[in-house]
Amino acid sequence: MKLTHLLGVAVASMAVSQAINAQAFDDKFRQLNDDKYRSPNIYRTASGAPGHGYWQQQADYDIQVTLNDENQSINARSTITYTNNSPDTLRYIWVQLDQNRFKKDSIGPQASASSAERMKKVSFSQMETMMTQEEFPAGYTITDVSDPRGEQMDYIINDTMMRIDLDKPLKSGESIEFNIGWKFNIIEADVLGGRGGYEYFEDDGNYLYEMAQWFPRVAAYYDAEGWQNKQFMGRGEFTLEFGNYEVAITVPADHIVAATGTLQNPDDVLTDEQQERLEQAETADKPVKIVTQEEALENEKEGTSETKTWVFKADNVRDFAWASSRKFIWDAQGFDNGESDVLAMSYYPEEGNPLWERYSTASIIHTIEHYNKYSFAYPYPVAISVNGPVGGMEYPMLTFNGPRPYVDEDSGEKYYSKRTKYGLISVIIHEIGHSYFPMIVNSDERQWTWMDEGLNTYLQFLAEQAWEDDYPSWRGEARNITGYMASQNQMPIMTNSESILQFGNNAYGKPATALNILRETIVGRELFDFAFREYSRRWKFKRPTPEDFFRTLEDASGVDLDWFIRGWFYTTDHVDISLDKVNLLTVNTQDPEVEKAWKKEVDQQDPKSITAIRNEDMVKKIAQQEHLRDFYNENDEYTVTNADRNEYKQLLDGLDDEQKEMLKNGKNFYVLDFSNKGGLVMPILLDLHFADGTKEHVRIPAEIWRRSPEHVSKLLIRDKKIDQVVVDPYWETADTDTSNNYWPARAVPSRIELYKRDHGDDSMMERYNEELDTDDKNAEE
């Protein structure tokens, strides 16, 4: 600590000014409208709300699909009714063909980079994936594109997109109907990855199908982008239109089907007992088994050549997915949603128990309870979790989730780890949470992954923390993102999905953490929760852009967040606020009796020189000859003279009573010097520890950096002496280096790991002479 004494009259001028180089100055607080945002218009307002001219297209589907369980393929046909609600005239319609992504000559595989070094060591599963991608006959075969009269329509396929040319322009307010027929071979999900596919169970010879991105879907056309016809490369997901669906799914008669929407023909596909159980589940206080484990195991043994057709309807959804298997156990429980009733349902094979029957449906209901609290009431009649080969993926009303127990090879017993348990709960929360974002708040996933993944991961964190104390959340806490924030090879959050580096941290972790910091540290829970709910409700069943989200947060909270949004979303700066120095200043009383004594005390704290220390035993001349002493040997610079006293009296005579009181001010004036080493401006949060054992928390707003974003000083006036200062004591700003957060500085604790050296006695000679294992020897043993 640097100790300084100053005149009381100077205290008022203690605001610390920083020299600013106007040419090099980086204004972290400049408004985003200047260079980042689109201009407001009749479609999207400056407040972040939909404008009075907002519009969106509609695509309705009537689909018939048949699943072939013998060769793992589907054959299907759809009638699409497309309504042009835009003010524009359209001459063609773009359609997404996502299954084409798995063709070896598609842009995704072709744009996948590799290296000779990486190819020198690959796993068997990686080799299987590479070879399957070369050989598997993937992708759509389009069998028909026609109008209602059966007349063929012109179309062209461009990799994962198809353009259908219209015979006559589709004017604003008009609708068009057309048919598409198609078929494709279903991929094995564990081999080629993706968001759907089949799983084969070798022990019982059965298949489990999770069907997603399985039908040609009309691409989105909207005011901010026009046609969203970017190719599907694998990461950037989907930009779709809302519509109404009726889907007839023909499967083997012993299959159980889960799907988006509500079942229209239960009498045709369910037994009377299954229907009764479903009715009981609607008011049950715990999950009811619609298909029990014993029934599912018995079902696995049979097999049939007969088929059943399950018919589902779903209104105002942007997609449709389904799952089918004879292995499914099925449980359900009703939940009073406040505005409507929801039936939470889980479908899983016996391999998923005992984990799934305990946690899946409970996790669905928990998610809806807490997402309703922070956004809006879940609007659909069902919410489904399916266990299969896909680790985690979302569709309207239906999600695919992966974690299962494992079987001990020796005992045959099932076990699951803590990581698997919480992994299941978390992935269900996350995927059911996607029913809200982007299945209802319909952001452009093909362009902005963070708008659904980041927002959903933030709400996932809130829901996880409401499950139990010390829930092991992976993302959300500021402390969990610091390693990524300080890492190399980053891109800003505001980067197209296919160009992102460190995808999970960038699109999930960093935006989720940013929102949590806004809630806890920058805006406050009450204001932020209101603003987030306002955004959710404004854009429910609509398509927001990033500007709409950012503008709504500011509009509804009343807080200028441009500085935060710029730093967290548009740059790769990180937080590293360093406490460089603490200066203690006290008021100079001008009283010579006080001040010279104070100066003597301070000077005596300076260390003696090494020469003086070594000369202490030396006999000095003045000690040998006393007559050499005079006035200056008896009085030093700290001696108070009459002239000093007279000057002090004259000073007091010229001061009024208020000024005299200022000279008696006994407070401590601390000036703390900070450096912004990471470039990302944030509030400065402090814990002050006082000499009497008490503590005070201080929150300095980020705006302190507005005129000097690299270095700033802050004056704190306190009655008590400060013994210690801690920056960001609760680790709430994602500060990447806490070693410079302490005054006085702290030692950084670590451990020394001891190990025995491996002398490497194993030689080639020994390995050459090792006894060879033979089939005969193994047979004898």
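Nothing fancy with the numbering, it's 1 onward along the sequence.
- For the 3.5 Å distance criterion, the side chains of Gln72 and Tyr209 qualify, holding a donor opposite an acceptor.
- Inspection of the Asn337 and Asn372 side chains reveals an N or O donor paired with an N or O acceptor under 3.5 Å.
- Between Tyr416 and Tyr359, the ring planes are perpendicular. Angles over 60° get that label, and only those under 30° would be called parallel.
- Across every non-hydrogen atom of Arg277 and Val288, the tightest pair is O-CG1, 3.8 Å.
- Exactly one residue among Phe532, Trp448, Trp450, Phe549 makes a ring-ring contact (aromatic ring centres under 6.0 Å, His included) with Phe437. That residue is Phe532.
- Ring-plane geometry between Phe215 and Tyr61 is classed as perpendicular, the angle between the planes exceeding 60 degrees on a 0 to 90 degree scale with a lower cut at 30.
- Aromatic ring pairs are classed by plane angle as parallel below 30°, tilted from 30° to 60° and perpendicular above 60°; the pair Trp182 and Tyr140 is perpendicular.
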Test Gln64 against Asp62 for side chain to side chain donor-acceptor pair (under 3.5 Å), laying out the working first. CA-CA 7 Å; Gln64 299 82 43; Asp62 189 339; 3.0 Å; yes
As a quick check of understanding, evaluate side-chain contact (heavy atoms from CB on, under 4.5 Å) for Ile180 and Met162, giving each step before the final call. CA-CA 11 Å; Ile180 301 179; Met162 177 169 70; 4.0 Å; yes
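- With respect to Lys414 and Glu351, no salt bridge is recorded, no charged nitrogen being found less than 4.0 Å from a carboxylate O.
- Note on ring orientation: taking the six-membered ring where Trp is involved, the planes of His430 and Tyr508 are parallel (angle under 30°, cut-offs 30° and 60°).
- For Phe102 and Phe136, the gap between ring centers reaches or exceeds 6.0 Å.
- Pro216 and Ile80 get closest at one heavy-atom pair: O-CD1, 4.3 Å.
- No more than 12 heavy atoms of other residues, nucleotides or ligands lie within 6.0 Å of NZ in Lys373, so this atom counts as exposed by the packing criterion.
- At least one side-chain heavy atom of Met393 sits under 4.5 Å from a side-chain heavy atom of Glu237.
- The CG atom of Leu270 sits 5.5 Å away from atom CD of Gln275, with the distance rounded to the nearest 0.5 Å.
- Under the 4.0 Å criterion applied to side-chain N and carboxylate O atoms, Asp98 and Arg195 are not assigned as salt-bridge partners.
- Minimum interatomic distance between Phe328 and Leu208 (heavy atoms only, all atoms of both residues): CE2-CD1, 3.6 Å.
- Residues Thr399 and His434 have side chains not in contact (no heavy-atom distance under 4.5 Å, counting atoms from C-beta outward).
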Yes or no on side-chain contact (heavy atoms from CB on, under 4.5 Å) for Met211 and Ile249, after CA distance, side-chain angles and deciding distance? CA-CA 11 Å; Met211 300 306 301; Ile249 305 170; over 6 Å; no
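- A heavy-atom distance below 4.5 Å is not found between the side chains of Thr513 and Lys510.
- Side-chain atoms of Tyr422 and Tyr471, non-hydrogen and from C-beta on, do get closer than 4.5 Å to each other.
- Between Tyr436 and Tyr371, the ring planes lie tilted relative to each other; the angle falls in the 30° to 60° range.
- Salt bridge Arg318/Glu445: present, at least one basic N to carboxylate O contact under 4.0 Å.
- Side-chain rings of Phe335 and Tyr378 stay apart, their centers remaining 6.0 Å or farther from each other.
- Using bins of under 30°, 30° to 60° and over 60° for the plane-to-plane angle, the ring pair Tyr200/Tyr207 lands in the tilted bin.
- A distance of 11.0 Å separates NZ in Lys183 from CD1 in Ile142, rounded to the nearest 0.5 Å.
- When the shell of 6.0 Å around NZ of Lys540 is examined, it contains more than 12 heavy atoms from other residues, nucleotides or ligands.
- The shortest side-chain heavy-atom distance between Leu67 and His255 falls under the 4.5 Å cut-off.
- Checked against the 6.0 Å centroid criterion, the rings of Phe541 and Phe242 qualify as a close aromatic pair.
- Side-chain contact check for Thr449 versus Arg235: every heavy-atom pair is 4.5 Å or farther apart.
- Applying side-chain hydrogen bond (donor to acceptor under 3.5 Å, both in side chains) to Thr250 and the options Asn75, Thr309, Asn68 leaves one that passes, Thr309.
- No side-chain N or O of Asp331 forms a donor-acceptor pair with one of Gln333 less than 3.5 Å apart.
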Using the rule given for side chain to side chain donor-acceptor pair (under 3.5 Å), can you reason through Gln280 versus Glu276, listing the C-alpha separation, both sets of side-chain angles and the distance that settles it, and then say yes or no? CA-CA 6 Å; Gln280 294 169 8; Glu276 289 174 6; 5.2 Å; no
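- Taking the six-membered ring for Trp and thresholds of 30 and 60 degrees, Tyr415 and Tyr406 have ring planes inclined between 30 and 60 degrees apart.
- When all heavy atoms are compared, the tightest approach of Lys104 to Gln133 is CB-O, 3.3 Å.
- In plain terms, the two heavy atoms of Gln213 and Phe238 that are nearest each other are CD-CZ, 3.3 Å.
- For the pair Thr260 and Ala314, the tightest heavy-atom approach, listed with the atom from each and the gap, is CG2-CB, 3.8 Å.
- No more than 12 heavy atoms of other residues, nucleotides or ligands lie within 6.0 Å of CD in Glu306, so this atom counts as exposed by the packing criterion.
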Run Asp444 and Arg543 through salt bridge (Lys or Arg N to Asp or Glu O under 4.0 Å) and show every step you take. CA-CA 7 Å; Asp444 184 343; Arg543 181 177 290 110; over 6 Å; no
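- The environment of Glu70 atom CD is sparse: at most 12 non-hydrogen atoms of other residues, nucleotides or ligands sit within 6.0 angstrom.
- Using modelled atom types and a 3.5 Å distance limit, the side chains of Glu431 and Ser385 yield no donor-acceptor pair.
- In summary, Asp268 and Lys308 do not engage in a salt bridge, as defined by a charged side-chain N under 4.0 Å from a carboxylate O.
- Checked by atom type, the side-chain pair Ser73/Asn185 shows no donor-acceptor distance below 3.5 Å.
- Atom CD of Glu279 is surrounded by 12 or fewer heavy atoms from other residues, nucleotides or ligands within 6.0 Å.
- Considering only heavy atoms from C-beta on, Trp474 stays 4.5 Å or farther from Phe461 through its side chain.
- Contact annotation: the side chain of Met397 never approaches that of Thr262 to less than 4.5 Å [non-hydrogen atoms, C-beta and beyond].
- Asn387 contributes atom CG, which lies 9.5 Å from atom CD1 of Ile329 (distance to the nearest 0.5 angstrom).
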